There are 2 protein chains.
Amino acid sequence: MAPPRCSVAVDLVVLTVQDGRARVLVVRRAIPPFRGELALPGGFVLADEDLLDAAERELAEETGLVDLRAHLEQLRTYGRPDRDPRGRVISVAYLALVPDAGVPVSGSDADDARWVDVEELLAEPGALAFDHATILADGVERARAKLEYTSLAAAFCPPTFTVAELRTVYEAVWGTPLDPRNFHRKVTGTPGFVEPTGRTTTRQGGRPAQLFRSGPSARLHPPMLRPGDGGS
Amino acid sequence: MAPPRCSVAVDLVVLTVQDGRARVLVVRRAIPPFRGELALPGGFVLADEDLLDAAERELAEETGLVDLRAHLEQLRTYGRPDRDPRGRVISVAYLALVPDAGVPVSGSDADDARWVDVEELLAEPGALAFDHATILADGVERARAKLEYTSLAAAFCPPTFTVAELRTVYEAVWGTPLDPRNFHRKVTGTPGFVEPTGRTTTRQGGRPAQLFRSGPSARLHPPMLRPGDGGS
DNA sequence: TCAAAAGTGTTGACTCTACACCCATGT
DNA sequence: ACATGGGTGTAGAGTCAACACTTTTGA
C-alpha cells in the first residue's frame, strides 16, 4: 500500500536577551487557522528544500537576519495527528539564539513580529496557537540545559562582550542570580570559553571592563552548574 | 499555494548490551530500495497515528516486545531531499534502550532482525542503507551523553541487577574501563539512582553481589563523568 | 570623596581518582 | 588454602560557594 502523505513545516523558537530578560520572537497570525492569535514564526518546507535550509529561510524572512551570526539547531519534531486543524502537519522545530542588537524590531515578512517576555508567555495558558506553548517550553529547557555544558551563551551576545554581559545572559535564561566574582573566575578560567581582545569598555560609573570574544571551545569542562539544581 | 506533501517514516536505533559490547538491532531489507542491505528497523507513520505510537508499534513488530520495559525517546529528524530514492521521505528517528534478556533473537515481522556490534558497524562505511549510519552515530552519541547525567543505564538491565552489571553497561556504551570500587561508591552513594532489594546473587566464584532495582531519580547530581572527556 | 562596577584572595566543604586493603563465596 | 570477584578506607588534587577586599572609573 502507498504510504500516507502529509505536510511538513518548520517552526522557530528564536530566543534573545533584552534588559536582563529572556525574550522570544512571536508573530500575530494574519490567516486562519488561529487568525489574530500569537504563534511561533514558521512555515512549510518547500518540495526540494532541506529542513535546516527551510529553518534558515524562515529565520531570515522573520528577523531580517542575513549575515547568520545566529546559532540554529534542530529542537524536536511534533506530530500529533490533531495538532493542526487543516489536516496532518508534522512540524520540525528549530531553536535559534540571536544577539539583542542583531535583530530589527520588525523586519518581518507579512505578519508583524515582536519580542515577548518568555516567562510571562509561558505563565499564560492558551497564549500561543497550535501546540506552540509546548514547543516554546521545550526550546527554553534546551537552551537552559545547553548553557550548562556548552559555550553557547556567547550566541546571545554581540561579537565582543564583557563578562558581566555574559553573566546577564545566564541570569536571564536561568532566571537565577549568579555571584559576579565566581562567575568571572569560572568564565576566564575555563580554557577556550572566551578570549581577551585587549580592549576595554566603560559604562557610566564603575571600573572599565575587559572586552572578550567567543573562544574556540564548544563544550565546557567542567560544566557551569545551575544553582539549586538538585536531581528529581 | 498548497504546501508540498511528503511521506513520514519512523526509524529506530534499538540498543542493548550483550557480553560487554554495545549492540544495535538491524534488519536485512526484503524489498527495494537497498534490497538485501542492512538498515535500521522502521516504517511509515499511519494516517492518524502519533509519532511515538508509530515508534512503539515498529519496536513491537521488530522485537516482539509487548510489555514495554524499554526506554523510548525521540532522537532527531532527518529530511535531506535526496535521502530516499523513492521520493521525499522525512524520517523521525527514535532511540530505544532495551535489556539483553528482554528481546527474542528474531521475533521479527517479515525481515530477519539481528543484533550487530555497534563499533564494528560504525567502522565500516556504507554498511547501512539510506543515511542510517548517521542516525546510528547520533543515537549512540545521545546514549553516551545520557548515561552521564541520567539514571538511564538501568534501562539496559533486567528488573534487578548488580552494580557490576550496571558497570558493564557504562563500559560497553562508553567503550572505557571504569574503576569498580569508585563506580560502586558513586552508584550507591547517589540518592535515588538504585535501591537495594535485600537479595543477593552469586555467579561462580567470588563474593555474592547485592541485587538492586532502578531508583526514582531520573537525573544524576552530580553527573557520572566519562574518563578523559576534556572539552573540544 | 563617594558610589558603582570590575576583578582578586582565601577558606571550608565537597567531589573525584587512585590504590591499599578487607569480605564472602566456589573449588 | 586459594582464586575470584564484591565492597570499604584513605590520602591528595581539584572544584565550588561564600564573602572580604582591592582596583579603576564617573560624578
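Naming: A, B, ... by sequence-line order, numbering from 1 per chain. Values reported hereafter were calculated over all heavy atoms of this structure, with side chains retained and with hydrogens, waters and symmetry mates removed. Note that the structure is a prediction, hence the values are computed from the model and not measured.
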**OP:** Whole angstrom is fine here: how far is it from CG in B:L220 over to C1' in C:dT15?
**Re:** 15 Å

Original post:
In whole angstrom, what separates A:D179's CG from C:dT10's C1'?
Top reply: 14 Å

Original post:
So which one's nearest nucleotide on DNA chain C is more toward 5', A:T188 or B:P222?
Top reply: A:T188

Subject >> Phosphate-side-chain proximity, A:Q210 and C:dA6, N/O vs OP1/OP2 below 4.0 Å >> reply: no

Subject >> Spacing of A:H221 atom NE2 relative to C:dC16 atom C1', expressed in whole Å >> reply: 15 Å

Original post:
Between A:F183 (CZ) and D:dA18 (C1'), how many Å, whole number?
Top reply: 17 Å

Subject >> Residue whose closest nucleotide on DNA chain D lies nearer the 5' end, A:K186 versus B:R207 >> reply: B:R207

Original post:
Aromatic rings A:W174 and A:Y170: how do their planes relate, parallel, tilted or perpendicular, breaks at 30° and 60°?
Top reply: perpendicular

Subject >> Between C:dT15 (C1') and B:H184 (NE2): distance, integer Å >> reply: 18 Å

**OP:** Start with the C-alpha gap between A:D131 and A:R83, add the side-chain angles, then the distance that decides, and say whether salt bridge (charged side-chain N to carboxylate O under 4.0 Å, His left out) holds.
**Re:** CA-CA 7 Å; A:D131 50 2; A:R83 63 177 295 279; 2.9 Å; yes

Subject >> Separation of D:dG14 P from B:L225 CG (nearest whole Å) >> reply: 16 Å

Original post:
A:N182 has an atom CG; how far is it from atom C1' of D:dA17, in whole Å?
Top reply: 6 Å

Subject >> Flag if over 12 foreign heavy atoms under 6.0 Å of CD, B:E195 >> reply: yes

**OP:** Starting from the C-alpha separation in whole Å, work towards a yes-or-no answer on salt bridge (charged side-chain N to carboxylate O under 4.0 Å, His left out) for A:E37 and A:R29.
**Re:** CA-CA 6 Å; A:E37 294 188 35; A:R29 289 182 59 82; over 6 Å; no

Original post:
Nearest to the side chain of B:A209, which nucleotide is it out of C:dG7, C:dC16, D:dG7?
Top reply: D:dG7

Original post:
What's the CZ-P distance between A:R167 and C:dA5, to the nearest Å?
Top reply: 10 Å

Original post:
At what distance, to the nearest 0.5 angstrom, does CG of A:D117 lie from CD of A:E124?
Top reply: 11.5 Å

Subject >> Nucleotide of C:dC16, D:dC19, C:dA24 approaching B:P208 most closely (side-chain heavy atoms) >> reply: C:dA24

Original post:
In terms of side-chain heavy atoms of B:R181, which of C:dG7, C:dC19, C:dT10 is nearest?
Top reply: C:dC19

